[in-house]
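Convention: sequence-line order gives letters A, B, ...; per-chain numbering from 1.
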2 protein chains.
Amino acid sequence: MARTPAPGSRETILTAAAGLFYEHGVRAVGMAQVVEAAGCGKNLLYRHFPSKAELAAAYLALVRRERERSADEALRWATGPRDRLIALVGEIADLVRRPGYRGCAFRNYLTEFRGDDDTPARAAKAYLEDTRAEVDRLVGELGGDELLADRIWLIVNGLYAGPPSQADVAVDWVKELVSPER
Amino acid sequence: MARTPAPGSRETILTAAAGLFYEHGVRAVGMAQVVEAAGCGKNLLYRHFPSKAELAAAYLALVRRERERSADEALRWATGPRDRLIALVGEIADLVRRPGYRGCAFRNYLTEFRGDDDTPARAAKAYLEDTRAEVDRLVGELGGDELLADRIWLIVNGLYAGPPSQADVAVDWVKELVSPER
DNA sequence: ATAGACTCGGACCGATCGGTCCGTTAAGCC
DNA sequence: GGCTTAACGGACCGATCGGTCCGAGTCTAT
């Protein structure tokens, strides 16, 4: 079974905060709620995370780790840029289909704090840019032009926003786009 | 020249609130800021809008009126479902390209208040459903299948989310999708 | 001039925000 | 058992939240 992290540990607090932040939004969740969900004292929370902004940044970093782990696993068995692109979009589709899906954590944060340029906002932007760059790289390996990369990125953004019922449409479309024309 | 609305009027207050809500987000803007921007007293604000939720609902209703006016104008000269679909997406592209674009007001609200089911949230959902239904209707008139409607909706969602530089890509793609195959 | 209606600005309310601090309690460790 | 360490829970802080209320001032109509 999975190792149970010690109560009051940094990991426990961060997990509790991440769940609340993702479900309700960072702005909507107060530090008191985080403390209550984590089952620890405010004291300990502020020892691990000196401010709400740093807790939010750690939340986004945690989500990024999870996303990258999931993406790495999805891309493990994909060989070549074509399969890797399909796997990349398919992995996002799996995320969107998951019950309790509430949108992309990074896009959500940038919507909640639009205009801000604090640490978590920069982390969110960095993730989006890196993902976009990954799409560009794979399309380049595949020999595709910038238009193809733009179109796939358009689908990815639409996939993140849209209802889960659109996930299959997005994946199938990308498969079609990256398949050699008959 | 444009008629200047009376200071302290409902229209003046709503316009000021709408600008702040759209730029910074509804949660991030306090009623005191609205009052300050509107140049009126709190008294008058709460006479016209009995609560912040009602002000937010009026803000979304205002945006909806503007969006529908702009869409009607864009669709005025389009004849037939093909041109109307292209015009519909092109009008959204114009919005996205506008300086100061901060995303779709309705999607932003639903992100900020995810999980809530108050009056403004229902208004936002209704707008999105109506727009999606409009796409379905036009695709149906054109003789397209559900897949085409899903794909166009995917592009629309991606267009709203993506950087303005993607606007042309989205419009050109929709043109290609609805054009009769050679 | 005077009365009335209306507005602004701000004081004010209870609640909650992020964040600090401390008394109590409990868990090690010798 | 006694000592140390540390976490919990909550009181507490100033600021801000949405929302109410009132005094002072303005304008108009008579």
Side-chain angles (χ1 to χ4, degrees), chain A residues 4-60 108-109 112-121 123, chain B residues 4-60 108-109 112-121 123:
Chain A
T4 303
S9 72
R10 183 189 150 100
E11 186 182 348
T12 303
I13 296 174
L14 182 52
T15 302
L20 289 171
F21 283 167
Y22 180 68
E23 183 175 359
H24 304 290
V26 174
R27 259 209 162 96
V29 172
M31 295 298 263
Q33 298 175 51
V34 173
V35 160
E36 187 192 353
C40 72
K42 262 192 171 185
N43 205 340
L44 197 52
L45 167 60
Y46 276 94
R47 171 140 12 140
H48 289 302
F49 308 97
S51 71
K52 188 180 184 180
E54 296 218 26
L55 179 59
Y59 151 62
L60 292 183
N108 287 350
Y109 186 89
E112 279 196 279
F113 295 85
R114 49 182 177 273
D116 288 19
D117 192 37
D118 46 12
T119 307
Chain B
T4 302
S9 73
R10 184 190 150 99
E11 186 181 348
T12 304
I13 296 174
L14 182 52
T15 301
L20 289 172
F21 283 166
Y22 181 67
E23 184 175 358
H24 305 289
V26 173
R27 262 217 160 89
V29 173
M31 295 297 263
Q33 299 176 51
V34 173
V35 159
E36 186 191 355
C40 71
K42 263 192 171 186
N43 203 341
L44 199 51
L45 166 61
Y46 276 95
R47 170 136 16 135
H48 289 303
F49 307 96
S51 73
K52 188 180 184 181
E54 296 218 25
L55 179 60
Y59 150 61
L60 292 183
N108 287 350
Y109 185 89
E112 279 196 280
F113 295 85
R114 51 182 175 274
D116 287 20
D117 192 37
D118 47 10
T119 307

- Query: For C/dC6, does either OP1 or OP2 sit under 4.0 Å from a side-chain N or O belonging to B/Arg47?
  - Reply: no
Can you name the residues that form a side chain to side chain contact (heavy atoms under 4.5 Å, CB included) with [X], not counting sequence neighbours?
X: B/Thr15; result: B/Glu11
X: B/Ala58; result: B/Arg10, B/Leu14, B/Phe49
X: B/Glu54; result: B/Pro50, B/Ser51

- Results of side chain to side chain donor-acceptor pair (under 3.5 Å) for B/Asp118 - residues two or more places apart only: B/Tyr109
- Query: Rounded to the Å, how far apart are B/Leu44 CG and D/dC21 P?
  - Reply: 16 Å
- Item | Interatomic distance where CD belongs to B/Glu36 and P belongs to C/dG9 [whole Å] | 10 Å
Return a table of donor-acceptor pairs under 3.5 angstrom between the side chains of residues 16-28 of chain B and protein atoms on other chains or two or more places apart.
| residue | atom | partner | partner atom | Å |
| --- | --- | --- | --- | --- |
| B/Tyr22 | OH | B/Arg102 | N | 2.6 |
| B/Tyr22 | OH | B/Gly103 | N | 3.3 |
| B/Tyr22 | OH | B/Gly103 | O | 2.7 |
| B/Arg27 | NH1 | B/Glu112 | O | 2.8 |

- Task: Starting at the 5' end of nucleotides 18-25 of chain C, put B wherever the base has a protein heavy atom under 4.0 Å, S where only the sugar-phosphate does, and a dash everywhere else.
- Result: SBB-B---
